[in-house]
Amino acid sequence: NISKVEGGPGEFLGKPNETYAKVTHAMRLELIKASAENTLATHREARQMDHRIWVMNEQRQNSQLHFESLLTKLAGAADRVKIERSKATRDELIQALEMFFKSDHKLRVVHVHHHG
């Protein structure tokens, strides 16, 4: 017998409208709770993806800055190599001219005209 069950037949015994309203309200609350849990999980995933995107953008920007820094250093090294080669060529030419003038050799004058 239901009257012997703990809690008894309940306060809504013989009140079908109130029972229906209470059950419907409880069902709505459960549906809202389930929907909120799904929404919260989706929100968390979206936040995690946003964070991953931000991290990737930061890494890409850092890589680009590092790449530009390397290019600048390489350009500076190339300029220094060009300047040193120029100095070395000039020094070698000066040394060759000094050695020529110190030797007994003379320049020969050649009168050859090329037409073509």
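These numbers come from the heavy atoms of this one structure, side chains and all, not from hydrogens, waters or symmetry mates. Starting from 1, each residue takes its place in the sequence as its number.
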Residues 49-74, side-chain donor-acceptor partners within the protein, below 3.5 Å, at least two apart:
{"from": "Asn57", "atom 1": "ND2", "to": "Ile53", "atom 2": "O", "distance (Å)": "3.4"}
{"from": "Asn62", "atom 1": "ND2", "to": "Glu58", "atom 2": "O", "distance (Å)": "3.4"}
{"from": "Ser63", "atom 1": "OG", "to": "Gln59", "atom 2": "O", "distance (Å)": "3.0"}
{"from": "Thr72", "atom 1": "OG1", "to": "Glu68", "atom 2": "O", "distance (Å)": "2.9"}

For residues 36-44, run the donor-acceptor check on the side chains, cut-off 3.5 Å, and write out each pair with its distance to 0.1 Å, sequence neighbours left out.
{"from": "Thr39", "atom 1": "OG1", "to": "Ser35", "atom 2": "O", "distance (Å)": "2.8"}
{"from": "Thr42", "atom 1": "OG1", "to": "Asn38", "atom 2": "O", "distance (Å)": "2.9"}

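- Linking ILVMFWY residues whenever their side-chain heavy atoms come closer than 4.5 Å, directly or via other members, places Phe101 and Leu107 in the same cluster.
- Remark: Lys87 pairs with Ile83, Glu84, Arg90 by the side chain to side chain contact (heavy atoms under 4.5 Å, CB included) rule, at least two apart or across chains.
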